[in-house]
Structure formats: C-alpha cells, structure tokens
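Below, chain A is the first sequence line, B the second, and so on; all start at residue 1.
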Protein chains: 2
Amino acid sequence: MTGTSNTPAPVKVTIDAWESLFRAQVAVMRKVSAKPEFHKLSMREYDVLFNLRICPGGRSRLVDLNRYLLISQPSLSRMVTRLEDKGLITREADPTDQRAMQLSLTPKGLAVQQEIGREHVKHIYEQIGTALSEDEFIQLQQLTSKLRSAIQ
Amino acid sequence: MTGTSNTPAPVKVTIDAWESLFRAQVAVMRKVSAKPEFHKLSMREYDVLFNLRICPGGRSRLVDLNRYLLISQPSLSRMVTRLEDKGLITREADPTDQRAMQLSLTPKGLAVQQEIGREHVKHIYEQIGTALSEDEFIQLQQLTSKLRSAIQ
DNA sequence: TGTTGTTACATGCATACGCATATAAATTGG
DNA sequence: CCAATTTATATGCGTATGCATGTAACAACA
C-alpha cells in the first residue's frame, strides 16, 4: 500500500524527481518525433486525435479537450478547423449548449489515429522497452498516475 | 538492487507507463505554464537558459544544446538571436571549430534564469509537493533517471 | 592535395502559435 | 425578467516555428 503522504516531501526531493521525469520525457519525445508517422500529422495533431479517441463517448467539447493539451484554446480552435478540412474530425453544435461544439473523430480520423498510434507504440517500445523491468514499469505507471491525479 | 531487465517488459506495461508519465507531465506543465514567471520569457526560452546553466562549463555549442530540447535547430538558432538581443546569452566563435558557436549565459541571463527558476520551483512544489511521499519521489526520480539513461 | 561527403549554423518561406479581443450564449443576482 | 458576469468558441495580428535549403568549415580518402 503506497500511503498518501501526510507530511509533504522536501522541496529538493520533489524537484529532483520532477526534473528527472521532465528530462526523460524530452529525451524520449526527441527521438520519437523524428519518426515517419509524424510526417502526415504533427505530434500535437496526433495528440488531439488520441485524446478524442479515449474520451468518454468519443466526443468532447473543445474546451474540455483543451484541458488535456498544452496548446492554447485559439490554437486548438484553428487546429480543429484544419483537422476538419482533412476529414479527420467533425465539429457539430452541442444541443444542450448553443455555444459549444461537440468534436468527434470521423471513421477516417479513427483509422488515421490507429495507424499512427500503432507505429508510435512500436517506436516508443523500441526506445524504452528494455530500459526498465516489468515491475519497474508498473511502479512508474503507478507513481505517475498518482502524481497526475493529485493535480488540482 | 533494481536489476536491469534481462527479458524486456511486455508492450502493454511499457506503453501504459509511458502514457501515464506523459499525461502527468502535460497536467503539471499546463498548470505551471500559466504562472507569471513565464510572462517575461516563454517556457521554451527558459528551458534554454536552464540547460545552458547546467551544462558543463556553462558553455555549449548550439547543436549540443539542441539535443536537450524539443525545438528544431533553426528555431533554436533564431531563439538564440532573440535571447542575445535581450542581453541574456552570448554567442562567440569556437576557436577549435570555425563553424561552431559557443553559447553561454551573461550575468544578466544567469540572474534571469535564477529568478524564474526560483518561482518555477515554488509553483512545481505547490502543484505536486503533496502528491507523493518522499520515498515515492525518490523512486520516481530513480526510475525516470534509469529510463532516460537508456535512450540511445 | 583535391574531391567528395559531412557537420554546424543561418535564412527564405509558408504556416502554426499565443495573446488580446470579439461574439454569442448561458448563468447569476437583483 | 432584465443587467451584469461568466463561459465557449472564433478571429485579428504579430511572432515563433518547422522544413527545405544555403553557406561555410571540417573530415576522409584517393
């Protein structure tokens, strides 16, 4: 049982862990961003398709989707226009809120996400699959999940 | 002793850990990127100052610095011009290689990095300081260090 | 030593980005 | 039920970005 911390961890230990996590992420992404699956779609665009796919019901409002992304709301708005023009997602009015747009993947968008996703998974696995043992990956998953769920 | 894995971890366990790490990073960065310390300098620009500060000797060639960043070489080249114009870094010819530019922080650049860094550390700590126990942060640091060192 | 290839950095160009703001719909408070 | 506020998305505008390519210096090798 990984008990919730009662006394907060010291600043140094916390920041060292954060910087290490951040640098690991950069190192992996640097490698993977050069792979051919990101020639048709940028990583940011793929991330939008990915998040749309895993969101409950496969639909999301623009603002809700934006919460899982680092780009600004206006940038996402225009990216959605581009992805719509490419036939990958649809943008339809939300019946319960006339301001909102419900975004969802088209069949083509789902296919593209899955195709890129397969390649991406392959390349991530090539990069880090032997870096840690199975138990260590499970630990890493648990620690980062716990970290994430503590945000806000 | 955290033994180096002899048999690679299964794909699912590896990818689950990676996605969890990635999402945790996004969640933290989303919160922190809105903080006022990034009004004077963007996060990407701060990251350049940070990496210049911690690199051995406080000097680095542009290409070497670029290895620790997600932006492209041309983008870094222009960002360096802007940071030079702001008086934060210097760009001088490498005596051992006429093609290369040695980058280093000016005293002002160091001061700006440290000032932003202090605020940044404070806000990261506010976001995640109580998310994990001290032991868990140490584990997280060790796992992500190991992950990073395995890239390549 | 000259040719061929590679490496380091810079630049032209089209595009994506963020910030500020506009618009329009929902919510809140009197 | 109307005015003020908040929320959801879009757009104008200046700037940063990536890709392709240019230039110049180094390296390798005949």
Side-chain angles (χ1 to χ4, degrees), chain A residues 26 29-49 51-52 55 59-86 88-104, chain B residues 26 29-49 51-52 55 59-86 88-104:
Chain A
V26 168
M29 290 310 280
R30 245 198 92 72
K31 288 288 172 189
V32 164
S33 64
K35 302 294 181 185
E37 63 264 30
F38 295 115
H39 286 183
K40 302 199 80 170
L41 240 48
S42 72
M43 278 196 306
R44 286 174 152 183
E45 287 168 333
Y46 168 71
D47 205 30
V48 166
L49 298 192
N51 276 282
L52 258 183
C55 72
R59 330 186 114 255
S60 174
R61 301 192 312 168
L62 195 139
V63 155
D64 295 331
L65 185 60
N66 196 213
R67 298 212 160 84
Y68 299 98
L69 306 169
L70 286 178
I71 66 174
S72 67
Q73 176 271 315
S75 292
L76 179 58
S77 178
R78 283 189 247 245
M79 186 189 287
V80 164
T81 303
R82 295 195 304 271
L83 293 172
E84 205 178 12
D85 291 346
K86 289 184 178 181
L88 302 180
I89 76 178
T90 58
R91 178 179 1 209
E92 15 185 310
D94 183 340
T96 71
D97 185 340
Q98 290 301 109
R99 298 168 302 178
M101 301 305 279
Q102 286 279 0
L103 309 178
S104 56
Chain B
V26 168
M29 290 309 280
R30 243 196 94 72
K31 288 290 172 188
V32 165
S33 64
K35 301 294 180 183
E37 63 264 29
F38 295 116
H39 286 183
K40 300 201 79 169
L41 240 49
S42 72
M43 277 196 307
R44 286 174 152 184
E45 288 169 331
Y46 169 72
D47 205 30
V48 166
L49 298 193
N51 276 281
L52 258 184
C55 73
R59 329 187 114 255
S60 175
R61 302 192 314 168
L62 196 139
V63 156
D64 295 330
L65 185 61
N66 197 210
R67 298 211 161 84
Y68 298 100
L69 305 170
L70 287 178
I71 68 175
S72 67
Q73 177 271 313
S75 292
L76 179 57
S77 179
R78 283 189 246 245
M79 185 189 288
V80 165
T81 303
R82 295 195 304 272
L83 293 172
E84 206 179 10
D85 291 346
K86 290 184 179 182
L88 301 180
I89 75 178
T90 58
R91 179 183 355 215
E92 13 185 309
D94 183 341
T96 72
D97 186 341
Q98 289 302 110
R99 298 168 302 179
M101 301 306 278
Q102 287 279 359
L103 308 178
S104 55

Can you pull the salt bridge (charged side-chain N to carboxylate O under 4.0 Å, His left out) pairs that have at least one residue in residues 62-86 of chain A, sequence neighbours excluded? A:Glu45-A:Arg82, A:Arg61-A:Asp64, A:Asp64-A:Arg67, A:Glu84-A:Arg91

Suppose the criterion is salt bridge (charged side-chain N to carboxylate O under 4.0 Å, His left out): which pairs have a residue in residues 29-39 of chain B, not counting sequence neighbours?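 The answer is none; no pair qualifies.
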
5′-ward residue of the pair B:Met79/B:Thr96 relative to DNA chain D: B:Met79

Rounded to whole angstroms, how far apart are [atom1] on [X] and [atom2] on [N]?
X	N	atom1	atom2	result
B:Arg82	C:dA10	CZ	C1'	14 Å
B:Leu65	C:dC9	CG	C1'	13 Å
A:Asp94	C:dA24	CG	P	19 Å
A:Met43	D:dG18	CE	C1'	12 Å
A:Leu76	D:dT11	CG	P	14 Å
A:Lys40	D:dG18	NZ	P	22 Å
A:Glu45	D:dG18	CD	P	13 Å
B:Asn66	D:dG18	CG	C1'	12 Å

For residues B:Leu65 and B:Leu62, determine if any side-chain heavy atom of one lies less than 4.5 Å from a side-chain heavy atom of the other.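 Of all side-chain heavy-atom pairs linking B:Leu62 with B:Leu65, none is under 4.5 Å.
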
Does any part of the side chain of B:Leu103, heavy atoms only, come nearer than 4.5 Å to the side chain of B:Thr90, both counted from C-beta? no

Any side-chain N or O of B:Arg44 under 4.0 Å from OP1/OP2 of D:dT15?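 For B:Arg44, the contact criterion (side-chain N or O under 4.0 Å from OP1 or OP2 of D:dT15) is not met.
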
Does D:dG18 have OP1 or OP2 sitting under 4.0 Å from an N or O in the side chain of B:Ser75? yes

Once side chain to side chain donor-acceptor pair (under 3.5 Å) is applied, do any residues pair with B:Asp47, and if so which ones, sequence neighbours excluded? A:Arg23, B:Asn51

Can you name the salt bridge (Lys or Arg N to Asp or Glu O under 4.0 Å) partners of A:Arg44, sequence neighbours left out? none

Going 5' to 3' along nucleotides 3-10 of chain D, which nucleotides have protein heavy atoms under 4.0 Å from the base (write B), which only from the sugar-phosphate (write S), and which from neither (write -)? ----BSBB

Looking only at heavy atoms, the pair that brings A:His39 and A:Ala34 closest together is NE2-O, 4.2 Å

If the helix axis at each end comes from five base pairs, how far does the helix from C:dT1-D:dA30 to C:dG30-D:dC1 deviate from straight, to 10°? 30°

Side chain to side chain contact (heavy atoms under 4.5 Å, CB included) between A:Leu52 and A:Cys55, intermediate numbers included: CA-CA 5 Å; A:Leu52 258 183; A:Cys55 72; 4.2 Å; yes

Criterion side chain to side chain contact (heavy atoms under 4.5 Å, CB included) on B:Asn66 and B:Leu69, from CA distance to verdict: CA-CA 5 Å; B:Asn66 197 210; B:Leu69 305 170; 4.3 Å; yes

